[in-house]
Protein chains: 2
Amino acid sequence: MDDDRVRATETSVRMLEGIVELGGEAGITELATHLSVAKSTVYKHLNTLETSGLVAKRGDRYRIGLRTLEFGGHAQRYDGVYDTARPQVRKMADETDELANLMFAEDAWGVYVHTSRGDDAVEIDTQTGRRAHLHATGLGKAILATFADDRVERIVDRRGLPAVTEHTITDRAALFEELEAIRDTGIAHDREECIEGMACLARSLSVPSERPAAISITGPVSRVTTGEAEATIRRTLEQAANVIELNLSGSA
Amino acid sequence: MDDDRVRATETSVRMLEGIVELGGEAGITELATHLSVAKSTVYKHLNTLETSGLVAKRGDRYRIGLRTLEFGGHAQRYDGVYDTARPQVRKMADETDELANLMFAEDAWGVYVHTSRGDDAVEIDTQTGRRAHLHATGLGKAILATFADDRVERIVDRRGLPAVTEHTITDRAALFEELEAIRDTGIAHDREECIEGMACLARSLSVPSERPAAISITGPVSRVTTGEAEATIRRTLEQAANVIELNLSGSA
DNA sequence: CCGGGCGTTCGCCCCTGGGAAACGCGGTTC
DNA sequence: GAACCGCGTTTCCCAGGGGCGAACGCCCGG
């Protein structure tokens, strides 16, 4: 039950994480002290990971290898949601000139899976693959709103409700109230809960896939929360979601 | 020298590869027979990988987890090339209405790192993260042309010159001749060497990063190889490359 | 009600992952 | 130019654990 795991694999994964924590690049001694393991251990693991392509060696420095991206590609598209949603996300960005996003939920985390920038899009890093707490983003809340309460409870138990900004919801009761409101309107709002100065509108996708998904449009509070702009964004979200859902229900 | 590797890690990676080989989804027994290892071994490894997020479990089926995409994101952007090139790739797609691509070379492989579709773009799967032989794509040949001959030799020694279509270059001398031509014109051509019916023009990027990169535009032979269209594509490639190179040399 | 297939668990043995220390090399300091 | 770091690499050893095969229990279909 507890030894049904492979420690060597866990160590290798910690090496990958360590490289990221050290700024995306590390040497052997550096990584050894960071992880508190022997140099020789790090040496062997990095050797192995390099042969597999999971890390790349340049001189005496190690970085994450592009092979991880190959696996990442498979993770993105094992259901058809990514491929179907991608053009619609771009369309949203073009229509609103803001930043449009697609998120999947997995393992009680939200993961940004695709992003498209309109002409006026803010320069924040919603890079592909980044994980976020579900309670702290509009996308995440839109997804949580599709879950039964006990499922939300279990997620909160696992990940907690850490504050990302001072506007983040950190209270369980407040969260459930918010989710109820989202279920009524179909739209999740995020006002500086994730990034100071930024607001976003999000909507979950009801698709045949078992993997929860949502789309959103993000911009500065001043542009996104004013009455007229908000109505436009809402409409854009609805249309994009409808197209995606229609395409996927047809093919299923 | 030969035991400077961690077999357990190699086994775990084989599990990930196995899942991909089995169509992106597998059960424990299925994977065990596919890899010729004991069921209990597969069980432990998948357990471990799931805890790390590298695989995702749905019922009794395992898939590649989105955590791989997080690492993939770091692999994409440890130099600034990806972020700088991405908008230019999109611009190329918009201007030509074809499919535009960005490739990095790592570990003697070419890896598609970004793709953008114009309005008439063909529906082929140049999915992010896919690896390709360098000799068999326009992008790869553009990259090889920037290498010294002995470096090309070593790559060919490692990966060979397998035929992807019947037009693929499979002869060493022919390859070096082709590379010489590319060095003269600055542009690599690919006429059905990678996919039947498809042609592409590619150009390498000379940027401060140690990681080789190239951009390309792909389309049906009929649209890409005609005189006028080819000239347009060439110009688009040149402009995009110049902008990328300028932006990166400025920040370096 | 029975049989087969699956994921899971158990117990064992030998292998190997992991640590500590020594090595060799390059760059820096007096 | 000699002494000295600090790094990656190598060596050696030992106990812990990776991997196997078999047994278990569950679910499903017949």
Side-chain angles (χ1 to χ4, degrees), chain A residues 1-65 78 106-107 210-211, chain B residues 1-65 78 106-107 210-211:
Chain A
M1 181 81 45
D2 185 49
D3 77 333
D4 285 356
R5 62 199 167 104
V6 183
R7 285 138 205 265
T9 297
E10 288 177 343
T11 307
S12 278
V13 175
R14 277 176 53 211
M15 306 266 155
L16 295 176
E17 293 167 346
I19 291 174
V20 171
E21 286 157 14
L22 291 171
E25 179 183 327
I28 286 182
T29 306
E30 192 183 351
L31 196 53
T33 57
H34 178 72
L35 298 175
S36 306
V37 295
K39 278 199 298 177
S40 54
T41 303
V42 175
Y43 178 73
K44 284 193 217 176
H45 278 268
L46 289 185
N47 243 3
T48 310
L49 291 170
E50 196 211 348
T51 309
S52 308
L54 298 186
V55 307
K57 184 179 183 175
R58 171 81 41 181
D60 281 340
R61 312 289 296 172
Y62 291 85
R63 305 175 193 253
I64 303 295
Y78 62 68
E106 189 178 280
D107 198 31
E210 337 78 10
R211 183 164 60 176
Chain B
M1 179 89 34
D2 186 49
D3 76 334
D4 285 355
R5 63 200 166 101
V6 182
R7 285 138 205 268
T9 297
E10 288 177 342
T11 307
S12 278
V13 175
R14 278 174 55 211
M15 306 267 156
L16 294 177
E17 293 168 345
I19 292 174
V20 171
E21 286 156 14
L22 290 171
E25 179 183 327
I28 286 182
T29 305
E30 193 182 351
L31 196 53
T33 57
H34 178 71
L35 297 175
S36 305
V37 296
K39 276 198 302 177
S40 52
T41 303
V42 175
Y43 177 73
K44 282 195 220 176
H45 278 268
L46 289 184
N47 243 4
T48 310
L49 291 170
E50 195 211 348
T51 310
S52 307
L54 297 185
V55 306
K57 184 177 183 176
R58 172 80 40 181
D60 281 339
R61 310 292 294 171
Y62 292 84
R63 305 178 194 251
I64 305 295
Y78 61 68
E106 191 179 277
D107 197 32
E210 336 80 10
R211 183 164 60 176

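Throughout, a chain's letter reflects where its sequence line sits, starting with A, and its residues are numbered from 1.
- Note: CD1 (A/Ile28) to C1' (D/dG8) measures 6 Å, nearest angstrom.
- The side-chain heavy atoms of A/His34 and A/Glu21, taken from C-beta on, include a pair separated by under 4.5 Å.
- Atom CZ in B/Arg61 sits roughly 11 Å away from atom C1' in C/dC6 (whole-Å rounding).
- Regarding B/Asn47, its CG atom lies at a distance of 8 Å from the P atom of C/dT9, rounded to whole Å.
- Bending across the helix from C/dC1-D/dG30 to C/dC30-D/dG1, expressed as the angle between its end axes from five pairs apiece, amounts to 40° (10° rounding).
- Straight-line distance from the CE atom of A/Met15 to the C1' atom of C/dG17: 11 Å, rounded to whole Å.
- Following rounding to the nearest Å, A/Asp60 (CG) and D/dG8 (P) show an atom-to-atom distance of 6 Å.
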* To do: In sequence, state the C-alpha distance, the side-chain angles, and the governing distance for B/Leu46 and B/Leu31, and then conclude on side chain to side chain contact (heavy atoms under 4.5 Å, CB included).
  => CA-CA 10 Å; B/Leu46 289 184; B/Leu31 196 53; 4.0 Å; yes
* Asked: side chain to side chain contact (heavy atoms under 4.5 Å, CB included) between B/Val6 and A/His45: does it pass, once the steps are laid out?
  -> CA-CA 6 Å; B/Val6 182; A/His45 278 268; 3.8 Å; yes
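- Both cation-pi conditions hold for B/Arg211 and B/Tyr78: the charged atom is under 6.0 angstrom from the six-membered ring centre and inside a 45 degree cone around its axis.
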* Asked: What's the verdict on side chain to side chain contact (heavy atoms under 4.5 Å, CB included) for A/Ser12 and A/Thr48, showing C-alpha distance, side-chain angles and the deciding distance?
  -> CA-CA 9 Å; A/Ser12 278; A/Thr48 310; 5.8 Å; no
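- Across the protein-nucleic acid pair, A/Leu31 atom CG and D/dT9 atom P stand 13 Å apart, rounded to whole Å.
- Using a 4.0 Å cut-off between charged nitrogen and carboxylate oxygen, B/Glu210 and A/Arg63 count as a salt-bridge pair.
- Atoms OH (B/Tyr43) and P (C/dT8) sit 4 Å apart, rounded to a whole Å.
- Of the possible donor and acceptor atoms, one in the side chain of B/Arg14 sits under 3.5 Å from a partner among the backbone N and O of B/Leu35.
- Atoms CG and CD, on A/Leu22 and A/Glu25 in that order, are 10.0 Å from each other to the nearest 0.5 Å.
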* Asked: Going 5' to 3' along nucleotides 16-26 of chain D, which nucleotides have protein heavy atoms under 4.0 Å from the base (write B), which only from the sugar-phosphate (write S), and which from neither (write -)?
  -> -SSBBB-----
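- In plain terms, the two heavy atoms of A/Ala8 and B/Ala8 that are nearest each other are CB-CB, 3.6 Å.
- The nearest whole Å value for the distance from the CD atom in B/Glu30 to the P atom in C/dG5 is 14 Å.
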